[in-house]
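Here the structure comes first, spelled out in structure tokens, and everything after it is commentary.
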2 protein chains.
Amino acid sequence: MNQPESISDEALRAGIINFLETAPAAYMPGATVDTVIFGFHKGKLKVLLLRFGNSSYFVLPGGYIGKEESLDQAAMRLLQERTRLENIYLEQFYTSGSADRSKDSPAKAILQEMIGPIPNNSWFDQRFISVCYYALVDDTKVNPVTEAFFTEVKWFDINKLPKLLYDHQPIIQKALKRLQADLDEKLVGFNLMSETFTMNELQKLYEAVYQKELVRTNFQRKMLGLGVLERLEKQYNGKSHKAPYLYRFTQADDAV
Amino acid sequence: MNQPESISDEALRAGIINFLETAPAAYMPGATVDTVIFGFHKGKLKVLLLRFGNSSYFVLPGGYIGKEESLDQAAMRLLQERTRLENIYLEQFYTSGSADRSKDSPAKAILQEMIGPIPNNSWFDQRFISVCYYALVDDTKVNPVTEAFFTEVKWFDINKLPKLLYDHQPIIQKALKRLQADLDEKLVGFNLMSETFTMNELQKLYEAVYQKELVRTNFQRKMLGLGVLERLEKQYNGKSHKAPYLYRFTQADDAV
DNA sequence: CATTATTGTATCAATTCGATACAATAGCCC
DNA sequence: GGGCTATTGTATCGAATTGATACAATAATG
């Protein structure tokens, strides 16, 4: 995982002052994109979060929308900047826009503590609505990068989230609800798996998303019955029991 | 249905010039709310649209977001202004934001033809993203009102929509898809019915939303099996056949 | 080579769902 | 009034789906 190249507070401050000047010409006012990036690792459903400055708060990866960019393009660009991946499954699921959703946030205070005073009524003091996406990534391929005043990029268990700024906590919950609804409906789960996987691994994923246990034999019957799995050679993994088959998802995806 | 009090082009022009001056202080920049208002009438699923000026184009009812208003509040306010109803079922389903979604639209040309030249780079020339809601109303209770440069408020069959400005056509299609998904899942359909109804009327609604015929006997079994219908007295409607029961929806709604 | 944990498959029963049958009934027509 | 018709409410049959359980296969282990 790439950690940020150490950057001096001076340089950071200069960068932010510069950003404040250039942002209004470059980005849409009043709107951001935030993305809940889901990953699956060791049987747990994870979310990628950024540590805000040197505080104990985290935020969702996100950013601003270029003046000539669609929302989808902005979300994809920001996602690629953060994960260095192409062809990511990305779905818009909600737009958050209470009038005070950023008002009580300690974000600006934290930033000022890092780099000194920031002008009032600047770009950061706008009211923003946030167009929210969720993304599904194969966490074995992700190489998260951070930048600027985010001092850490980290995967968190969906059930052990840290303190979050703004309304990012409820947004993650909404993303999970939507993922649960999409999992069976659109078979999006395979975007979270590596190329090949065992039935057990797939079941663990479904259990992590639905947050409940499933009956192994019936799960297997259901998955095989979908007709979207190709059975590969067996995987001898050195465990003292029958070796499981490997499977591959065959894109029977008729682009809903 | 209230038609607009006739208003002179002079007064309209003055109103718009005034709006252009006051809007930036009153509303969020770059964002609108648009609502697909569904109704159900004589077995057909309908959408409420506004005629834009004296053109043959229609638009979704919508408007701007007050600086101190949440998105939900703005949507509800605009809906009440248009329908004079309280307690409307309202659901956010999508945010539209391609960079050029309003660029090719003849909206401004139509407006200028009505009231003369409008300054360039004014409020109307911004790029807007649109946070989209759908609403379900009992059309027997709706008394739609129009205003300003909308010269008509009209219900359209979902399958016989007029020419629409901006990207309002695909937005309506997305709203329908979402309504289809919500109909069984959240039992929202009853918001489209009057207080009491026959099983046949309810079936017609489901058929209109799903756009396909359903088997009467199985539909009845399914609906009664949900345990959310209270059977009332029979309705002798003067037709030469067995009189149907009336039903009422009993809010077994555990607020998903 | 028996033991153990896990995997793949089969099967039984319960439930759901599509299709069909049929009795009840309100008004119409004669 | 009595048969006719269209519609309504309910029951039922069989097929498909789903939950629960049984069991054989097998890869290491000791």
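When reading the values below, keep in mind they use all heavy atoms of this one structure, side chains included, and skip hydrogens, waters and symmetry mates. We name chains A, B, ... by the order of the sequence lines, and we start the count at 1 in each one.
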Between A:S240 and A:V215, just flag the one whose closest nucleotide in DNA chain D comes earlier from the 5' side. A:V215
So among B:I171, B:V59, B:L49, which one has a side-chain contact (heavy atoms from CB on, under 4.5 Å) with B:L164? B:L49
Taking only residues two or more places apart in sequence or in another chain, which ones pass side chain to side chain donor-acceptor pair (under 3.5 Å) with B:R231? B:Y247
Which whole-number value in Å describes the distance from B:H241 NE2 to C:dC29 P? 14 Å
Between B:K242 and A:Y245, the residue closer to the 5' end of DNA chain C by nearest nucleotide is A:Y245
B:F219 CZ to C:dT16 P, straight-line distance once rounded to whole Å: 18 Å
Going 5' to 3' on DNA chain D, which nucleotide is the first and which the last to come under 4.0 Å of a heavy atom in chain B? D:dT5 to D:dT12
Sorted by chain and number, sequence neighbours left out, salt bridge (charged side-chain N to carboxylate O under 4.0 Å, His left out) with A:R221 holds for none
Validation: residues 202-211 of chain B side-chain donor-acceptor distances under 3.5 Å, sequence neighbours left out:
unit_1, atom_1, unit_2, atom_2, d
B:Q203, NE2, B:E207, OE2, 3.1
B:Q203, NE2, B:L214, O, 3.0
B:K204, NZ, B:N200, OD1, 3.1
B:E207, OE2, B:L214, N, 2.9
B:Y210, OH, B:D184, OD2, 2.7
B:Q211, OE1, B:N159, ND2, 3.1

Please list, by residue number, the residues of residues 197-210 of chain B whose heavy atoms come closer than 4.0 Å to an atom of DNA chain C; answer none if no residue qualifies. none
Can you name the residues that form a salt bridge (charged side-chain N to carboxylate O under 4.0 Å, His left out) with B:D139, not counting sequence neighbours? none
Does B:P170 have any side-chain contact (heavy atoms from CB on, under 4.5 Å) partners at least two apart in sequence or in another chain, and if so, which? B:D167
Can you give me the N/O atom pairs linking the protein to nucleotides 10-15 of chain C at distances under 3.5 Å, or say none if there are none?
unit_1, atom_1, unit_2, atom_2, d
C:dT11, O4, A:R221, NH1, 3.4

Residue pairs meeting salt bridge (charged side-chain N to carboxylate O under 4.0 Å, His left out), one or both in residues 233-243 of chain B, sequence neighbours left out, come to none
With sequence neighbours left out, what residues match B:E230 under side-chain contact (heavy atoms from CB on, under 4.5 Å)? B:L232, B:R248, B:T250
So, the side chain of A:Q220 versus the backbone of A:T217: is there a donor-acceptor pair under 3.5 Å, distance only? no
Among all residues two or more places apart in sequence or in another chain, which pass the side-chain contact (heavy atoms from CB on, under 4.5 Å) test with A:S70? A:D72, A:Q73, B:S98
Quick one: list whatever passes side-chain contact (heavy atoms from CB on, under 4.5 Å) with A:L85, sequence neighbours left out. A:T83, A:I88, A:V137, A:K141, A:V142
How many Å lie between NZ on B:K234 and C1' on C:dT25, as a whole number? 7 Å
